[in-house]
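What follows is a set of notes on a single structure, which appears directly below.
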Amino acid sequence: MSDATGFDPAKLAAANASVRLVEDGMKLGLGTGSTAAVMVEMLARRVEAEGLSLRCAATSKATAEQALSRGLKVESLDDIGWLDMTIDGADEVDPDLHLIKGGGAAHLREKIVAAASDRMVVIADPGKVVERLGAFPLPVEVLGFGFESSRTLIRRVLEDLELGGRDVLTRMKGSDPLITDEGNLILDLHLGAIPDPAALARALSAIPGVVEHGLFLGMCDVAIIGKADGSVVELARDADIDADMLAHEGE
């Protein structure tokens, strides 16, 4: 359901709260995905209304195109240098503010931009808050060269971590494999639950051919959870998350 603005109220609430953190002169990372797209729109409206001077690095071609079309100044990350803050969405957020990202196939650039920022702010609706990561399929970006070998090695890693027998599926776009902005492919790991995200992250990163995975561990500083009534809950890394309460609020 959307409100009079045409946006989902929970996503709009989170987006507006994050945009209020932006200060004149900031260097910002702009995330990718449905909630991030709302944020970019609301940021553009604030820049237009207040005449803010910002330099923005986009995490995907889609975000760059949206931001430019709305009058935001988009530059390459290397031209800007270090960022003051990145605002991005997430597919899952756990009680430690660990994330799964990559539903929009942009987690490689998203992780690079977040790592080059003083602060990562995540915006989400209550349905993204979970007790344990893994219900959302974990994206793993891999090179086209040796693609099936990489899939085999990923399956071996999952077996070693007692996650064997799960689907490791090629991300498709229509009838063809999806190609990321960097020209790579994505394997989606349907794990159900990830008992030890840190161990899985280390093991995946060690596989030749794996470019990046969608586990963002220890990177998020604040998560802003928008609710259907237009209010938000701000979560710091040491805060307790009542996932059941948030999910109920978002219904």
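Under the 4.5 Å side-chain criterion, counting only non-hydrogen atoms from C-beta, P95 is in contact with E131. L163 is not listed as a side-chain neighbour of V157, based on a closest heavy-atom distance of 4.5 Å or more. Within the 4.5 Å cutoff, side-chain heavy atoms of M39 are placed close to those of L30.
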- Worked verdict on L28 versus L72 for side-chain contact (heavy atoms from CB on, under 4.5 Å): CA-CA 11 Å; L28 292 177; L72 295 175; over 6 Å; no
- Query: Hey, mind stepping through L204 and L138 against side-chain contact (heavy atoms from CB on, under 4.5 Å) and telling me if it holds?
  - Reply: CA-CA 11 Å; L204 290 173; L138 175 65; 3.9 Å; yes
- Item | From CA spacing to verdict: side-chain contact (heavy atoms from CB on, under 4.5 Å), H107, F216 | CA-CA 9 Å; H107 56 283; F216 284 55; 4.0 Å; yes
- Check against side-chain contact (heavy atoms from CB on, under 4.5 Å), L21 and V222: CA-CA 11 Å; L21 300 175; V222 176; 5.9 Å; no
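Every salt bridge (charged side-chain N to carboxylate O under 4.0 Å, His left out) that D188 has, sequence neighbours left out, goes to R171. Take S205 and apply the side chain to side chain donor-acceptor pair (under 3.5 Å) test, not counting sequence neighbours, and it matches H213. For D79, the side chain to side chain donor-acceptor pair (under 3.5 Å) partners are S76, not counting sequence neighbours. Not counting sequence neighbours, E48 has no partner by the salt bridge (charged side-chain N to carboxylate O under 4.0 Å, His left out) test. Not counting sequence neighbours, the partners of E50 by the salt bridge (charged side-chain N to carboxylate O under 4.0 Å, His left out) test are R46. Applying the side chain to side chain donor-acceptor pair (under 3.5 Å) criterion to D91, with sequence neighbours excluded, gives no partner residue. Remark: K11 engages S34 in a side chain to side chain donor-acceptor pair (under 3.5 Å) (not counting sequence neighbours). Applying the side chain to side chain contact (heavy atoms under 4.5 Å, CB included) rule to D181 yields the partners S60, K61, R109; only residues at least two apart in sequence or on another chain are considered.
Residues F147 and I179 share a hydrophobic cluster, clusters being chains of Ile/Leu/Val/Met/Phe/Trp/Tyr side chains in contact below 4.5 Å.
With hydrogens and angles disregarded, a donor-acceptor distance shorter than 3.5 Å links the side chain of K111 to the backbone of L215. Between the side chain of R151 and the main chain of L187, no donor-acceptor pair closer than 3.5 Å is present. A donor-acceptor contact shorter than 3.5 Å is absent between the side chain of E92 and the backbone of V130. In this structure a side-chain-to-backbone donor-acceptor pair under 3.5 Å is present from T59 to T32.
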Which pairs would a plain distance check flag for residues 97-105, meaning a side-chain donor or acceptor within less than 3.5 Å of a matching protein atom at least two apart in sequence or in another chain?
residue	atom	partner	partner atom	Å
H98	ND1	G218	N	3.1
K101	NZ	D88	OD1	3.3
K101	NZ	D88	OD2	3.1
K101	NZ	G89	O	2.8
K101	NZ	E110	OE1	3.3
K101	NZ	E110	OE2	3.4

In a table with atom names and distances, give each donor-acceptor pair under 3.5 Å that connects a side chain of residues 118-127 to protein atoms at least two apart or in another chain.
residue	atom	partner	partner atom	Å
D118	OD1	W82	NE1	2.8
D125	OD1	G127	N	3.0

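Between the NZ atom of K73 and the OG atom of S53 there is a distance of 6.5 Å, given to the nearest 0.5 Å. The distance from the OG atom of S18 to the CE atom of M85 is 7.5 Å, given to the nearest 0.5 Å. To the nearest 0.5 Å, atom CD of residue E141 and atom CG of residue L178 are 9.0 Å apart. Separation of atoms CZ (R55) and NZ (K27) is listed at 6.5 Å; rounding is to 0.5 Å. Going from atom CD1 of I87 over to atom OG1 of T35 covers 12.5 Å, rounded to the nearest 0.5 Å. L43 CG to N16 CG: the interatomic distance, rounded to the nearest 0.5 Å, is 10.5 Å.
L143 belongs to a hydrophobic cluster with L77, I80, L83, L108, I112, V113, V211, counting contacts under 4.5 Å between side-chain heavy atoms of Ile, Leu, Val, Met, Phe, Trp and Tyr, direct or through other members. With side-chain heavy atoms closer than 4.5 Å counting as contact, directly or through intermediates, the hydrophobic cluster containing V74 also holds L68.
Closest heavy-atom contact between G209 and S150: CA-OG, 3.7 Å. The heavy-atom pair separating M42 from A15 by the smallest distance is CG-CB, 4.5 Å. Between G226 and A14, the shortest heavy-atom contact is N-CB, 3.7 Å. For the residue pair V40 and A67, the shortest heavy atom distance occurs at CG1-CA, 3.9 Å.
Salt bridge absent: R156 and E159 never bring a charged side-chain N and a carboxylate O closer than 4.0 Å.
For CD of E162, the number of neighbouring non-hydrogen atoms (other residues, nucleotides, ligands) closer than 6.0 Å is 12 at most.
Partner T180 forms a side-chain contact (heavy atoms from CB on, under 4.5 Å) with one of I186, V142, L185 and no other, that one being I186.
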